[in-house]
Amino acid sequence: MTAGWRRVVTGMAVVAAVVGGSSTASAADGPQRVSGDEVPRATAAGTPDPGAAIAYVPMPDLGLAQRRSDGGLNLARIPLSDVEADFGQASSVRTLPATTHFSYDRSRVVAGDYADFTPDDDGTADHVLWHLAADGGVLVYGVAGGSTAPPQLLRTLPKSAGWSWADSRPIAGDVNGDGWDDLVIVHRGAPGTVVVWAMISDGTTLTAPVRWGTAAYDFGVTRNYVADADGDGFEDLITTARGTTSAVAFTTSVLLTNPTGTAAVRSPVAAGTYKTSAGWSWAYSRQLAGDVDGDGLVDLVTVHRSGTGGVIVWVQASCSPAAGKVCWKTPVRWQTLAGGWSFLDSRQYLADTNGDYVDDLVSVHRTPNGIIVWRHVSTGAGLRAPSRLATLPITAGWNFSSTRESVADTWGSVGP
């Protein structure tokens, strides 16, 4: 997309086919979808200009990949923000039967706002399919938001060039600060190391991978996520690694993007050690990063299994004094969930679900009848009791064990 041109959805359905629940068109009289490169950087960081003629509001989508009975996959999305008319309603994005050679078990799907892969991209979530190639390498496909075009083959990454689908992990994030999501790839390197690559968006596609650096992590026992840890406007790679001794459950460190947002990462910065004596567990925790207290800085969120199998949500607020620095405070318990809540039967994500520029917690939970999506709205100092956001019935094929999710940080605008 050319910067400055507003993409809008006017008087037409963004999506019409339904996977699971019901669907309606996005209302033309509400916020209109735009691409991330149009959003002012201060607004994207959570501090919008109250006097701006055009107000930009977060309108994230939950992207879903569902295994088909033939082994293929269905792509769907759920609008997560209640500023949209079709909030909480699951809609089909693409049906990819096994006859199209796409496979749920051989594809990793990452939702995001990557580029205008096709001219009819409407600003809803794009999906990148990180697909297993015949040689063991990777085929990278893009599915444009709202488009009827087939998946676009963006890149072929052959085994002969060192690429391995089994030894790679793609993550969406804007590492160069231009408003488009890029694709960050963590790839297994020499024993005990990983290689970090970036496929930068140019607004129409994802460019060829650029090697950003090497870090001393064990690929098999790390979790990676992308967020602007130091507040400089460029998202960084955060890694939580299993402890190497019985005394340490896990550690967290950050590979900071260069201040120019190009070409390399700096040496890892240690950000926390979590000891087993304090009750922390690698196996019974998952980590997230986002601004949950509304100060414009990225916080760490740890979702942990409780002693009864339920869920405890811990938050470490950012204490970074200036751009280029990484600091998080001592964990504070924000929520305890029991009475039917299960750590093992749920997955969590962060997204702004009410347009207040503060991230909320989103839980996807298994039920005997399918899946329920919940939102836990942040007050800035805690989380409200979960409220039901969407119901995905098993009668429509929804099954917790054969569904994967990711959040696309998409945007809308209100104004002339």
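In this structure, the side chains of F234 and V175 stay at 4.5 Å or more apart for every pair of heavy atoms. The side-chain heavy atoms of K325 and D230, taken from C-beta on, include no pair separated by under 4.5 Å. Residues L389 and L80 are in side-chain contact: their nearest non-hydrogen atoms beyond the backbone lie under 4.5 Å apart. At a threshold of 4.5 Å between non-hydrogen side-chain atoms, the residues P151 and L96 count as touching. The shortest distance between side-chain heavy atoms of W180 and D116 falls below 4.5 Å. Counting only heavy atoms from C-beta outward, the side chains of P386 and Q335 approach each other to under 4.5 Å. Counting heavy atoms from C-beta outward, L75 and L129 have side chains that approach closer than 4.5 Å. In this structure, Q66 and L73 have side chains that are not in contact, with every pair of non-hydrogen atoms separated by 4.5 Å or more.
Between the CD1 atom of I200 and the CG atom of D178 there is a distance of 8.0 Å, given to the nearest 0.5 Å.
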ask   = Can Q152 and Y141 be said to form a side chain to side chain donor-acceptor pair (under 3.5 Å), step by step?
value = CA-CA 5 Å; Q152 308 293 301; Y141 289 90; over 6 Å; no

inquiry  = Run the side chain to side chain donor-acceptor pair (under 3.5 Å) test on R33 and T410 for me, step by step, so that the C-alpha distance in whole Å, both residues' side-chain angles and the decisive distance to 0.1 Å come before the verdict.
reply    = CA-CA 8 Å; R33 289 276 180 164; T410 43; 2.8 Å; yes

task = Just do the side chain to side chain donor-acceptor pair (under 3.5 Å) check on N369 and T367 with the steps written out, would you?
result = CA-CA 5 Å; N369 300 314; T367 75; 5.2 Å; no

query = Can V303 and I312 be said to form a side chain to side chain contact (heavy atoms under 4.5 Å, CB included), step by step?
reply = CA-CA 6 Å; V303 180; I312 300 175; over 6 Å; no

key: side chain to side chain contact (heavy atoms under 4.5 Å, CB included) assessment of R77 paired with D86   = CA-CA 11 Å; R77 74 174 186 96; D86 51 357; 3.8 Å; yes

query = For V140 and L153, what are the C-alpha separation, side-chain angles and deciding distance, and is it a side chain to side chain contact (heavy atoms under 4.5 Å, CB included)?
reply = CA-CA 6 Å; V140 186; L153 179 60; 5.8 Å; no

query = Can you list the steps and then say if Y225 with T240 is a side chain to side chain donor-acceptor pair (under 3.5 Å)?
reply = CA-CA 9 Å; Y225 38 113; T240 299; 2.7 Å; yes

message = Checking Y357 against T43 for the side chain to side chain contact (heavy atoms under 4.5 Å, CB included) test, could you report, in this order, the C-alpha distance in whole Å, the side-chain angles of both residues, the deciding distance, and whether it holds?
response = CA-CA 8 Å; Y357 305 94; T43 301; 3.8 Å; yes

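Remark: side-chain polar atoms of E235 are paired, donor with acceptor, to backbone N or O of D174 under 3.5 angstrom. Listed for the S378 side chain is a donor-acceptor partner under 3.5 Å among the backbone atoms of G380. No donor-acceptor distance shorter than 3.5 angstrom exists from the side chain of D218 to the backbone of T222, with no hydrogens or angles considered. R211 contributes no side-chain N or O that, together with a main-chain N or O of V196, makes up a donor-acceptor pair within less than 3.5 Å. Side-chain N or O atoms of S201 include none that pairs as donor or acceptor with a backbone N or O of L206 at under 3.5 Å. Remark: the backbone N or O of G63 is not paired with any side-chain donor or acceptor of D61 at under 3.5 angstrom. Proximity of a side-chain donor or acceptor of D299 to a complementary backbone N or O of V292 within less than 3.5 Å is detected. With D167 contributing its side chain and H187 its backbone, the two residues share no donor-acceptor pair below 3.5 Å. Between the side chain of R68 and the backbone N or O of S103 there is no donor-acceptor pair closer than 3.5 Å. Under the 3.5 Å distance criterion, the side-chain polar atoms of S413 are left unmatched by any main-chain donor or acceptor of A55.
Neither side chain, S387 nor R384, offers a donor N or O lying under 3.5 Å from an acceptor on the other. T124 and D122 are linked by a side-chain donor-acceptor pair at a separation below 3.5 angstrom, with hydrogens and angles left out of the test. No side-chain donor from either of S91 and Q89 sits under 3.5 Å from a side-chain acceptor of the other. There is a side-chain donor-acceptor pair under 3.5 Å between S346 and Q348. Judged by distance alone, the side chains of H304 and S281 never bring a donor and an acceptor atom under 3.5 Å apart. Counting only N and O atoms by type, the side chains of S81 and E84 include no donor and acceptor under 3.5 Å apart. Between T207 and D202, the side chains place no donor N or O within less than 3.5 Å of an acceptor N or O (distance only, hydrogens not considered). Under 3.5 Å, the side chains of H131 and S107 contain a donor-acceptor pair of N or O atoms. A side-chain N or O of T118 and one of S147 form a donor-acceptor pair less than 3.5 Å apart.
Across every non-hydrogen atom of D291 and G296, the tightest pair is OD2-N, 2.8 Å. Pairing each heavy atom of P60 with each of V407, the nearest pair is CB-CG1, 4.2 Å. When every heavy atom of V254 is checked against every heavy atom of A271, the shortest pair comes out as CG2-CB, 4.4 Å. Contact detail for S168 and I185: the closest heavy-atom pair is CB-CG2, 4.0 Å. A408 and A125 make their closest contact through CB-CB, 3.6 Å (heavy atoms, listed as atom of the first residue, atom of the second, distance). Contact between P170 and R108 at its shortest, heavy atoms only, is CD-CD, 4.1 Å.
Geometric assessment of R388 against the ring of W374 yields a positive cation-pi assignment under the 6.0 Å and 45° thresholds. Annotation: cation-pi geometry satisfied between R223 and W282 (NZ/CZ under 6.0 angstrom from ring centroid, within 45° of ring axis). Cation-pi geometry between R169 and F219 is met: under 6.0 angstrom from the ring centre, within 45 degrees of the axis. A cation-pi arrangement is present between R404 and Y104 under the rule of less than 6.0 angstrom and at most 45 degrees off the ring axis. The cationic group of R347 lies under 6.0 Å from the six-membered ring centre of F400 and within 45° of the ring axis, placing it in a cation-pi geometry.
Atom CZ of R305 has more than 12 neighbouring heavy atoms from other residues, nucleotides or ligands inside a 6.0 Å radius. Under a cut-off of 6.0 angstrom, the local environment of OH in Y284 is sparse, with at most 12 non-hydrogen atoms contributed by other residues, nucleotides or ligands.
Pairs engaging residues 352-367 under the salt bridge (Lys or Arg N to Asp or Glu O under 4.0 Å) rule: D345-R366 [sequence neighbours left out].
Taking the six-membered ring for Trp, W341 and H376 have ring centres closer than 6.0 Å.
With sequence neighbours excluded, no residue satisfies salt bridge (charged side-chain N to carboxylate O under 4.0 Å, His left out) with R155. By the salt bridge (charged side-chain N to carboxylate O under 4.0 Å, His left out) test, D120 pairs with no residue at all, sequence neighbours left out.
With respect to W314, the ring-ring contact (aromatic ring centres under 6.0 Å, His included) criterion is satisfied by exactly one of Y274, W334, W280: W280. If you run side-chain hydrogen bond (donor to acceptor under 3.5 Å, both in side chains) between R67 and each of T403, D105, N74, only D105 comes through. When the options T252, T251, N224 are evaluated for a side-chain hydrogen bond (donor to acceptor under 3.5 Å, both in side chains) with T239, the one that passes is N224.
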